[in-house]
Amino acid sequence: MNPLKELRQRFRAALEPLVEDLEDLLEMVRPSQDPRFGDYQANCAMPLGKRLGKAPRELADQIVARLEVDDMCEPPEIAGPGFINLKLRSDWLAARLQDAVKDTRLGVAPVETTRTYVVDYSSPNVAKPMHVGHIRSTVIGDALCRILRFAGHRVISDNHLGDWGTQFGMIIYGYKHFRDESAFAAAPVAELCRLYQLVSQLVDYHETRRCLGDLERRVTEREEAAVAQEAEPLPVAGAERKRAAKRLRGLKAQVAEAEADLSQARKKLARVEQSPALNQLATEHPEIAQAVLRETARLHADDPENLALWHQFLPQCCEDIQRLYDRLDVCFDYAHGESFYQQRLSHVVQDFLDRGLACLSDGAVCVFVEGFETPMLIRKSDGAYLYATTDLATIAYRMETFHPDAILYVVDHRQAEHFEKLFAAVRLWGHTDVELQHIRFGTVLDQKGKPFKTRAGDTVGLEGLLDEAVRKAYGVVSANDDAKPGGAELDEAQRRHIAQVVGHAAIKYADLSQNRTSNYVFNFDKMVALEGNTATYMQYSYARTQSIFAKGDVDVDRLRDADAAISLEHPAERALGRELLQFPEAIDECLLDYRPNLLTGYLFQLARRFSEFYQQCKVLQAETESVRTSRLILCGLTGRVIRRGLDLLGIQVVDKM
RNA sequence: GCGCCCAUAGCUCAGCCGGAUAGAGCAGCGGACUUCUAAUCCGCAGGUCGCAGGUUCGAAUCCUGCUGGGCGUGCCA
């Protein structure tokens with residue numbers, strides 16, 4: 001049972017005779033923020049008073065008089081200007097807890113109307129090794145899928161792989177010119193990866209070489225502009241003076257930016273030029289960028305040789321990525337990459353043209369969308385298609401194949417405008433009865449606050465990151481085990497297993513516990529810190545629930561069926577019990593705006609309540625047998641809610657830590 | 001230039017479709033280990049919620065302006 005939902009139902013009955021249109025009033029029934037005001041509070045008397053022109057306190061009296069909550073709550077109290085404070089009765093709490101104990105869904109009722117969701121997330125470029133930038137989409141997307149499924153929805157997870165772009169032209173070119181036959185035979189994935197990076201570096205080298213003059217010129221121009229601005233006499237008046245100062249600051253920042261770009265470009269060049277081998281390759285392949293594009297174009301034109309290579313390489317590339325998904329415990333129903341939609345692209349463009357939704361401009365096919373100055377391009381002037389084209393084709397396919405009620409895109413916030421245009425174009429195209437959501441999240445930043453760059457080289461590989469987290473977790477697990485008063489309890493294999501679970505969880509949780517819309521500063525130490533609001537704290541709490549059963553030799557399942565009474569005499573018991581009953585509320589809240597951090601927040605609160613309870617209430621040595629049983633049941637339910645909650649986040653638990 | 005996002009404790013952040021005295025974690029200080037696992041708990045200290053107006057019985061939350069930062073901005077994804 002969802003207590004909040006139940007209370008709102010009761011308020012609905014009480015308010016209906018008083019007022020029409022009461023949905024917004026019902027939303028004002030909510031959990032109290034301060035325990036002194038009870039468990040829930042209704043704030044609807046004040047706005048209602050305004051609406052009806054009556055005194056809010058008087059209305060609160062009327063509402064309370066009609067409110068039938070005797071079975072559920074202590075007598076409601078009216079406070080301040082007209083707050084209605086509600087405290088749940090302990091016997092009601094205890095009865096609902098018993099319901100939850102017997103319920104495999106822990107009191108979370110399936111949604112009344114099942115919807116079909118397509119969730120599009122992770123979407124790595126299969127030619128490149130996955131790096132830290134892929135974490136957020138993968139982890140958040142996976143968590144949302146799990147939560148939606150648990151809530152009772154039909155969920156189709158789809159990994160929109162980047163498997164058809166220039167990166168394959170690079171690999172193909174590299175394979176044809178640079179491959180090391182024996183390395184390829186021994187470890188094809190690693191060799192393909194090397195080839196990609198080599199070609200990418202050479203392309204980059206020539207591109208940078210070509211732009212160097214522009215970069216130098218830009219620095220000079222900006223310096224001159226800044227000097228000129230500085231030479232201007234400052235206006236005397238306040239606002240004008242401020243504006244001038246701001247302009248100067250802006251110009252100086254631009255100079256710094258240009259200088260940084262230039263110095264980075266020079267470093268890039270030096271890296272190649274200082275290596276005789278690379279330098280030679282660069283000299284031998286001056287037109288490599290164009291050659292790569294030609295290989296890509298041949299692939300797209302169904303050239304038999306390149307297509308065969310693509311068919312050979314694709315599974316090998318995916319193998320590498322799959323290993324990471326296995327480690328992360330992430331899986332997809334479908335992995336329809338860009339290549340899957342190739343045949344449809346020309347039809348999409350033609351359809352837009354035929355219906356007059358798109359037009360030609362400078363040789364490119366454009367969809368103009370209201371509210372945006374710049375159009376969405378769906379075909380380049382050279383005839384090539386763009387990712388917007390693929391996105392449109394993908395939506396059409398999903399609509400006819402899955403008939404979804406909603407499609408969620410778990411993608412970096414920097415693509416917000418792209419999605420706004422895309423969604424608008426889809427509406428023009430006629431798909432109006434589907435919820436399209438860009439589940440945006442903040443960029444992963446480095447320590448300096450700069451976005452991780454995919455090309456710049458210095459990205460942290462995802463695999464190494466996971467290894468490091470596991471390594472750190474191993475250290476902490478061992479230290480904790482060694483420090484146990486009765487001596488260490490875990491053997492080497494157990495420690496390693498626990499370190500795997502704890503390390504991976506640390507990385508996922510660090511991401512999920514943050515509001516997805518804010519930027520995510522990548523901080524290794526913070527990620528794997530094993531204290532505070534972390535997965536480890538939750539996992540530890542879970543392990544403690546299990547260790548009580550082990551120590552007391554208690555059969556949890558038998559206890560569950562025993563129908564024993566639950567007592568909530570101690571404040572810590574009551575607080576824990578109420579928290580446990582709010583699991584359904586946490587799920588609801590979380591799905592309202594697709595924000596997993598609301599679920600982590602709930603779990604953290606629950607784990608804290610449990611720690612308090614654990615500290616203050618002896619379980620195995622409880623005063624009486626019935627209190628002991630009651631507390632054991634609370635421990636059992638706590639363990640199940642934590643385990644289930646973490647499972648919904650894609651995080652596992654262990655019985656001993 | 002235009003558009004979008006952000007600004008809350010020393011640090012990292014939560015709270016943001018209006019509710020009572022703004023919350024956590026980390027760091028700091030002081031307590032609690034003959035432990036049902038101290039990876040814990042209790043207490044203290046820490047704040048002009050960027051600034052200025054406005055709407056309201058009531059604003060961190062909504063509106064306007066400003067300041068500071070980030071991102072995006074027709075043929076990359």
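Using P as the reference atom, B:C16 and B:A7 are 13 Å apart when rounded to the nearest Å. B:A27 and B:A52: their C1' atoms are spaced 34 Å apart (whole Å). Rounded to whole Å, the P atom of B:G19 lies 10 Å from the corresponding atom of B:C62. Taking atom P on both B:C71 and B:G15, the two are 23 Å apart, rounded to the nearest angstrom.
RNA chain B lies under 4.0 Å from at least one heavy atom of each of the following residues of residues 27-36 of chain A: A:Arg30, A:Gln33, A:Arg36.
The pair A:Arg495-A:Asp481 meets the salt-bridge criterion, since a charged nitrogen lies less than 4.0 angstrom from a carboxylate oxygen. Checked for salt-bridge contact, A:Lys87 and A:Asp39 miss the test: no charged N lies under 4.0 Å from a carboxylate O. The pair A:Arg51-A:Asp24 counts as a salt bridge, with a side-chain nitrogen and a carboxylate oxygen less than 4.0 angstrom apart. A salt bridge does not link A:Lys421 to A:Asp391: none of the charged nitrogens lies less than 4.0 Å from a carboxylate oxygen.
Between the CG atom of A:Asp511 and the P atom of B:U12 there is a distance of 18 Å, rounded to whole Å. Atom pair A:Leu632:CG and B:C36:C1' shows a separation of 10 Å (rounding to whole Å applied). One interatomic measurement links the two molecules: CZ of A:Phe372 to P of B:G3, which rounds to 12 Å at whole-angstrom precision. The nearest whole Å value for the distance from the NE2 atom in A:His418 to the P atom in B:C76 is 14 Å. In this structure, CH2 of A:Trp164 is placed 18 Å from P of B:C76, rounded to the nearest angstrom. Between the NZ atom of A:Lys421 and the C1' atom of B:C4 there is a distance of 12 Å, given to the nearest Å. The CZ atom of A:Arg516 sits 12 Å away from the P atom of B:C6 (whole-angstrom rounding). Atom-to-atom, CD of A:Gln514 to P of B:A24 comes out at 19 Å; the value is rounded to the nearest Å.
Counting any heavy atom pair closer than 4.0 Å across all strands shown, A:Phe368 reaches a base atom. Across all strands, A:Val365 comes closer than 4.0 Å to no nucleic acid atom at all (heavy-atom distances). Across all strands, A:Gln415 comes closer than 4.0 Å to base atoms (heavy-atom distances). Within 4.0 Å of A:Ser381, counting heavy atoms only, lies at least one base atom of the nucleic acid. Contacts of A:Asp362 with the nucleic acid, taken as non-hydrogen atoms under 4.0 Å apart, include base atoms. Contacts of A:Lys551 with the nucleic acid, taken as non-hydrogen atoms under 4.0 Å apart, involve only primed sugar atoms and P, OP1 or OP2. Counting any heavy atom pair closer than 4.0 Å across all strands shown, A:Ala416 reaches no nucleic acid atom. Heavy atoms of A:Cys44 sit nowhere under 4.0 angstrom from any nucleic acid atom. If you check every strand for non-hydrogen atoms under 4.0 Å, A:Ala384 touches nothing. Within the nucleic acid shown, A:Arg595 comes within 4.0 Å of sugar-phosphate atoms alone, with no base atom in reach, counting heavy atoms only. Residue-level contact check: A:Pro47 touches the bases, meaning some heavy atom is under 4.0 Å from a base atom. Among the protein residues, A:Asn85 comes within range of the nucleic acid bases, having at least one heavy atom under 4.0 Å from a base atom. A:Ala479 comes within 4.0 angstrom of nothing in the nucleic acid, heavy atoms only.
Among the nucleotides B:C57, B:C5, B:G15, the one closest to the side chain of A:Asn597 is B:G15. Of the listed nucleotides (B:A24, B:G19, B:G72), B:A24 has the atom at the smallest distance from the side chain of A:Phe604. Distance from the side chain of A:Ser518 is smallest to B:C13 among B:C13, B:C41, B:C36. Considering only side-chain atoms of A:Pro375, the nucleotide from B:G74, B:A39, B:G19 that sits closest is B:G74. Taking the side chain of A:Leu592 as heavy atoms from C-beta on, and the options B:A39, B:A24, B:C17, the nearest nucleotide is B:C17. Considering only the side chain of A:Ile548, B:U37 comes nearest among B:G70, B:A14, B:U37. Candidate nucleotides B:A39, B:U40, B:C42 were compared by shortest atom distance to the side chain of A:Asn480, and B:A39 ranks first. Of the candidate nucleotides B:G19, B:A27, B:G25, B:G19 has the atom lying nearest to any side-chain atom of A:Met46. Of the candidates B:C36, B:C41, B:C76, B:C76 carries the atom nearest the A:Leu386 side chain, counting heavy atoms from C-beta on. In this structure, of B:C71, B:U40, B:U73, it is B:U40 that holds the atom nearest to the side chain of A:Ser611.
Of all non-hydrogen atoms in A:Ala622 and A:Val627, the two that sit nearest each other are CB-CG1, 3.9 Å.
With centroids closer than 5.5 Å and planes inclined by less than 30 degrees as the test, A:Tyr537 and the base of B:A39 fail to qualify as a stacked pair. For B:A20, the base is stacked against the aromatic ring of A:Phe83, per a cut-off of 5.5 Å between centres and 30° between planes. Ring-base stacking between A:Tyr614 and B:C36 is satisfied, the centre separation being under 5.5 Å and the plane angle under 30°.
Side-chain atoms of A:Ser361 and base atoms of B:G74 include a donor and an acceptor less than 3.5 Å apart. A donor and an acceptor atom sit less than 3.5 Å apart, one in the side chain of A:Tyr387 and one in the base of B:A77.
Residue A:Asn533 places no side-chain N or O under 4.0 Å from the OP1 or OP2 atom of B:U12.
A 4.5 Å side-chain heavy-atom check between A:Glu585 and A:Pro31 finds at least one atom pair inside the cut-off. Between A:Phe168 and A:Thr296, every side-chain heavy-atom pair lies at or beyond the 4.5 Å cut-off. Put simply, the side chain of A:Val502 does not reach to within 4.5 Å of the side chain of A:Tyr474, judged on heavy atoms.
With a cut-off of 3.5 Å on both pairing distances, the Watson-Crick and G-U wobble pairs of RNA chain B assemble into stems of 3 or more at B:1-7 with B:67-73, B:10-13 with B:23-26, B:28-32 with B:40-44, B:50-54 with B:62-66.
With A:Tyr40 as the aromatic partner, A:Arg30 does not meet the cation-pi criteria of under 6.0 angstrom to the ring centre and within 45 degrees of the ring axis.
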